[in-house]
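Report on one structure; see the data block that follows.
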Amino acid sequence: MNIEAKELSKIYGARENRVVALDKASLTISENDFISIMGPSGSGKSTLLHLLSGLDHPTQGSLTYDGRDIYSLSDKALSAFRRQRIGFIFQQFNLLPVLTARENIIMPLLLDKKQPDEAYLKQLTDLLGISGRLTHLPHALSGGQQQRVAIARALIARPDVVFADEPTGNLDSKSGGEVMEMLGSIPKKLGRALVVITHDSRVAQMADRQFTIVDGTLSEVKVWK
């Protein structure tokens, strides 16, 4: 799996109302990569995530997954592509309150009329420490447990890459640290690339490859480990 973004830009408005949200950002994402992108609010990091995952289209630039330009896909095909090959984790857990933890996790598969691989589901829930909470509704789970359910949901379809947008933003320091430890194990234990968008330097420094984004400009940070 190889994702290559070349000079992605997102520009809103024109002339005196022109706003450059992202300015010619380039990066590659390979299998097992653990990447962090850190920047303050309004820096362009969420815009970059939306472009890398096909949730939005760039003003200019290209994005390929294994050489395939995903922006050329129809809306229906792109939606299926995201569902099958990209996992999403957000600051808000976005769990359906009337479904159990297990039902929330397997929902992406059911949308594609597939049944879960029970062995893989057990591997995921054991790794995330929620195997004993699968029959609980979201309101009966702690914030950390809800986010772990959301992580399992993002991984259940065996995506190539998982994008996490401020995954610890709604958690206290202890729960956030636990969630990040589990997230950080995904590239090596499950062979999935992980890209974390954050404003927290402690979270960013856990990654093997670290980027900063300021005023829409993306830069890779030299990491000494």
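This is a predicted model, so every value here is computed, not measured.
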Flag, side chain of [X] to backbone of [Y], donor-acceptor distance under 3.5 Å:
X      : Y      : value
Arg153 : Pro108 : no
Ser30  : Asp33  : no
Ser175 : Leu171 : no
Glu166 : His199 : yes
Glu103 : Thr100 : yes
Asp66  : Asn2   : yes
Ser72  : Asp69  : yes
Gln147 : Gly144 : no
Thr59  : Ile11  : yes
Gln146 : Phe93  : no

Could you check whether any side-chain heavy atom of [X] comes within less than 4.5 Å of a side-chain heavy atom of [Y], counting everything from C-beta outward?
X      : Y      : answer
Phe211 : Lys45  : no
Leu63  : Pro58  : no
Thr64  : Ile70  : no
Thr217 : Thr212 : no
Phe163 : Leu194 : no
Leu95  : Val149 : yes
Ile3   : Leu27  : no
Leu51  : Lys10  : yes

Distance (rounded to the nearest 0.5 Å) between [X] [atom1] and [Y] [atom2]:
X      : Y      : atom1 : atom2 : value
Gln210 : Ser219 : CD    : OG    : 13.0 Å
Ser142 : Glu178 : OG    : CD    : 8.5 Å
Met180 : Ser185 : CE    : OG    : 10.0 Å
Phe88  : Ser53  : CZ    : OG    : 4.0 Å
Leu22  : Tyr12  : CG    : OH    : 9.5 Å
Leu52  : Thr47  : CG    : OG1   : 10.5 Å

request  = Show your reasoning for whether salt bridge (charged side-chain N to carboxylate O under 4.0 Å, His left out) applies to Asp200 and Arg202.
outcome  = CA-CA 5 Å; Asp200 188 333; Arg202 294 168 299 177; 3.1 Å; yes
query = Stepwise, does the side-chain contact (heavy atoms from CB on, under 4.5 Å) test hold for Leu48 with Ile37?
reply = CA-CA 9 Å; Leu48 176 59; Ile37 301 173; 3.6 Å; yes
Quick one: closest heavy-atom pair of [X] and [Y], and the distance?
X      : Y      : value
Ala101 : Arg133 : CB-O, 3.5 Å
Arg83  : Ala157 : O-CB, 3.9 Å
Pro159 : Gly87  : CB-N, 3.6 Å
Ile213 : Ser43  : O-CB, 3.3 Å
Asn104 : Leu99  : ND2-O, 3.1 Å
Ile106 : Leu121 : CG2-CD2, 4.4 Å

query = Are Val161 and Leu73 co-members of a hydrophobic cluster defined by side-chain heavy atoms under 4.5 Å apart?
reply =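 Yes, Leu73 connects to Val161 through the hydrophobic network.
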message = If hydrophobic clusters are built by linking Ile, Leu, Val, Met, Phe, Trp and Tyr wherever their side-chain heavy atoms come under 4.5 Å apart, do Ile105 and Leu183 end up in the same one?
response =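 Same cluster: Ile105 reaches Leu183 through Ile, Leu, Val, Met, Phe, Trp or Tyr contacts under 4.5 Å.
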ask   = Passes salt bridge (charged side-chain N to carboxylate O under 4.0 Å, His left out), Asp117 versus Lys122? Steps please.
value = CA-CA 9 Å; Asp117 176 337; Lys122 185 177 188 305; over 6 Å; no
task = Look at the rings of Tyr65 and Phe81 and say which category their plane angle falls in: under 30° parallel, 30 to 60° tilted, over 60° perpendicular.
result =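 Judged by the thresholds at 30° and 60°, the geometry between Tyr65 and Phe81 is perpendicular.
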task = Kindly confirm or rule out a cation-pi arrangement of Arg158 over Tyr120, judged by NZ or CZ under 6.0 Å from the six-membered ring centre and within 45° of its axis?
result =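 Yes, Arg158 and Tyr120 form such a contact.
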key: Test side-chain contact (heavy atoms from CB on, under 4.5 Å) applied to Ile89 and Asp165, step by step   = CA-CA 6 Å; Ile89 302 165; Asp165 191 0; over 6 Å; no
query = Where do Glu31 and Arg192 land on the salt bridge (charged side-chain N to carboxylate O under 4.0 Å, His left out) test, with the steps shown first?
reply = CA-CA 6 Å; Glu31 186 176 339; Arg192 313 295 171 199; over 6 Å; no
ask   = Would Glu118 and Arg102 count as a salt bridge (charged side-chain N to carboxylate O under 4.0 Å, His left out) if you check the C-alpha gap in whole Å, the side-chain angles of each, and the deciding distance to 0.1 Å?
value = CA-CA 11 Å; Glu118 294 296 337; Arg102 174 190 164 86; 2.9 Å; yes
request  = Given side-chain contact (heavy atoms from CB on, under 4.5 Å), test Ile86 with Val162 step by step and report yes or no.
outcome  = CA-CA 6 Å; Ile86 301 173; Val162 174; over 6 Å; no
request  = Apply side-chain contact (heavy atoms from CB on, under 4.5 Å) to Ser36 and Met38, showing your working.
outcome  = CA-CA 6 Å; Ser36 66; Met38 187 178 76; 5.6 Å; no
query = Excluding sequence neighbours, so at least two apart, what forms salt bridge (Lys or Arg N to Asp or Glu O under 4.0 Å) with Asp160?
reply = Arg85
